[in-house]
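Presented below is the structure to which this report refers.
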Number of protein chains: 2
Amino acid sequence: MEVEGETARVNLNRAFDPTAFSLDASFRLVRYADPKGSTCKVPQKVLLNLLSILHPDTSAKDQDGEVSHVEGPRIGIGLDCAVIPLKYDVCLVQTTDLCYPIIDDPYMMGKIASANVLSDLYAMGVTECDNMLMLVGVSTKMKERERDVIMPLIYRGFSDSALEAGTNISGGHTTINPWCTIGGVASSVCRRNEFIVPDNVMVGDVIVLTKPVGTQVALAAYNWIDKPKLWRRIKKFMSEEMVRKTYFQAVNSMARLNRTAARLMHKYNAHGATDITGFGLLGHAQTLAARQKQEVAFVIHNLPVFGLLAEVAKSSRGVFELIEGLSPETSGGLLICLPREQANAYCKEILKEEGHRAWIIGFVERGNRTARIIAIHNP
Amino acid sequence: MEVEGETARVNLNRAFDPTAFSLDASFRLVRYADPKGSTCKVPQKVLLNLLSILHPDTSAKDQDGEVSHVEGPRIGIGLDCAVIPLKYDVCLVQTTDLCYPIIDDPYMMGKIASANVLSDLYAMGVTECDNMLMLVGVSTKMKERERDVIMPLIYRGFSDSALEAGTNISGGHTTINPWCTIGGVASSVCRRNEFIVPDNVMVGDVIVLTKPVGTQVALAAYNWIDKPKLWRRIKKFMSEEMVRKTYFQAVNSMARLNRTAARLMHKYNAHGATDITGFGLLGHAQTLAARQKQEVAFVIHNLPVFGLLAEVAKSSRGVFELIEGLSPETSGGLLICLPREQANAYCKEILKEEGHRAWIIGFVERGNRTARIIAIHNP
């Protein structure tokens, strides 16, 4: 289904113009990393193998490709964040993430990187981040002039996002490496009632998603405008203007914080949540289902997608696994399980507060801790 | 002066043998990063410039090349760690660092990277680290077989060091990039009496150093054994065997935690400390002097150096600035200012507990918050 109501808001967006900063018109930030279109992560299987040497019994891999080898009595292996119980009756909730440039606008890329880091805290219902560290890898291939223009814009985007989140950046490091990287660490020290351990999902719960999916497809479609062979796949369904609009929708969505979504999880008694990133909607839904205390299964029957990207993806199966729920997302929305009677109110309040829709995308039934898509709205 | 008493302990050390892991004999971990022999950091001047766009009034750069742009009432800009006062009457003390491989032994490299991260906490007298994140960049240039052998050894070294420090690794990320990087984040949540803000140095204090200096020269000398032209600089002063011995002394020193040194800072009423890393002994001493409340100046008259590296450095001025106190160190010791009458007891107790010497290297006089070396023991 197309996401309406989002389109109107993005007409102010423009592509990043390198010449406005006296850089060559051909400058493209995305070229300063070459992970072959794949995720910036080491493949999960390889990583698990590399880490297995450490602590064979306790090593675990959370759904964001993070290393979680846990010793002693810690809360929840495989959460979006590490949660470390401390003295003084508080817990340290902490997460880190890092990405390569996926768009050419350095300021927006900084915002996306920050939103992406913070999203793991928000997935656990933590709304107050006490500190962020900024971790930046400057590309050795950037000319000095490029570096001196581009990196401060990335920093500013990251920092503005942190301010928007009500937190600060105190500490970090900037190193050099052939590929550019942007990421950080988000930490929160809180009492147990300030976060929601996502293992309490009940039969009868409803599943809500707070951002559309399709960021990877949106970026690809936009990059294919200049590539006639690839553009053929797109133009049957979307005009160049529609692709541009959808691209900026996706960029703004990735830069948007999941903070309001996290706060309302408490108000509406959410039983568990996760954020949608590299493993796609279904991948993360499956991880969340697998960690439940109750014998539940998630059924997803509704797939909110940016623009007409669902049509594009359907005609390019094997290239995009969007309809299958497996297309990687960057800084996606929260997938939240909450009591059926609260779901509508949750969606209404988030729309009122943020001006962005959330969607009821499925329900929870009795089952064997798995998730599946029955996309009745996308037959 | 040569450091005696250290040499005997390192005779068990051997160079890393790639063939023992079915790798090619020519495998060298240090080749998987090429920062031109310099530090892994972006030059300080460049970094300050890049960051200046953010918050012109408050941006500051701490002495470990870390980004510290601080908003609001935080404790101490330019400390070794970020210190963030929180609700619940506690503070979050946090630091991050990252290095390229500087030795070929992956296990020891992991230990050094961990000790290097933790050292910033120890410099502030924080002895309990509540969590570490491990941040690893796998080189895209490693063959699969190399990666699958080398990276787990790095992880294990990092993890063993964390266990030694009484902490755990919960979280982190492993990404890919042409250059290999190893680092992490160390966080501690503590009350104000658990850390020592290093701004209370007094006239009459004595300066103690807990590890010798010369790590960079030790690594260079070792790498020059096979390079006849460069080896000529060394062989006038040290035999091949002495260079190897000194190298392993330095490696073990870099892997050693500054934790006991930190704990004893409380017992012996230290007025302030810092750890010695990329800016060399004098560079860090100057940074510490500059942040003092009192009008003090540091005078350093004693330079404990690994093996005979002082002689090597003296004959290669311009190449090594070791005697000048400016040779970069990795995971160096703590430089601690404490009351004169406590210094001997501090050094005695650390030797008794750890089996490693600490040295009184100077004193504090009235002055304009600077530091200088008058190397009377190295005329």
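None of the values given here were measured: they were computed from a predicted structure. In what follows, chains carry the letters A, B, and so on, assigned in the order in which the sequence lines appear, proteins first and then strands, with residues in each chain numbered from 1. The analysis underlying the following values was restricted to heavy atoms, covering all of them including side chains, and did not include hydrogens, waters or symmetry mates.
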Does any heavy atom of chain A fall under 4.5 Å from the side chain of B/V90, the backbone, both, or neither of them?
side chain

Under 4.5 Å heavy-atom distance to chain B, tell me which part of A/L135 shows up: side chain, backbone, both or neither.
side chain

Which distance, rounded to the nearest 0.5 Å, do you find between the CD1 of B/I84 and the CG of A/N168?
8.5 Å

Go through the steps for A/Q94 and B/Q94 under the test side-chain contact (heavy atoms from CB on, under 4.5 Å), then give the verdict.
CA-CA 11 Å; A/Q94 195 164 49; B/Q94 194 163 51; 3.0 Å; yes

Nearest 0.5 Å, please: how far is CZ in B/R191 from NZ in A/K87?
9.0 Å

Closest heavy-atom pair and its distance - A/A82, B/N131:
CB-ND2, 4.2 Å

A/T96 vs B/V185 side-chain heavy atoms within contact, under 4.5 Å
no

Work out which heavy atom in A/T140 is nearest to a heavy atom in B/W179; give both atom names and the distance.
CG2-CH2, 3.5 Å

For a 4.5 angstrom cut-off between non-hydrogen side-chain atoms, does A/L92 reach B/L92?
yes

Give the minimum heavy-atom separation between A/N177 and B/T181, together with the two atoms involved.
ND2-CG2, 3.7 Å

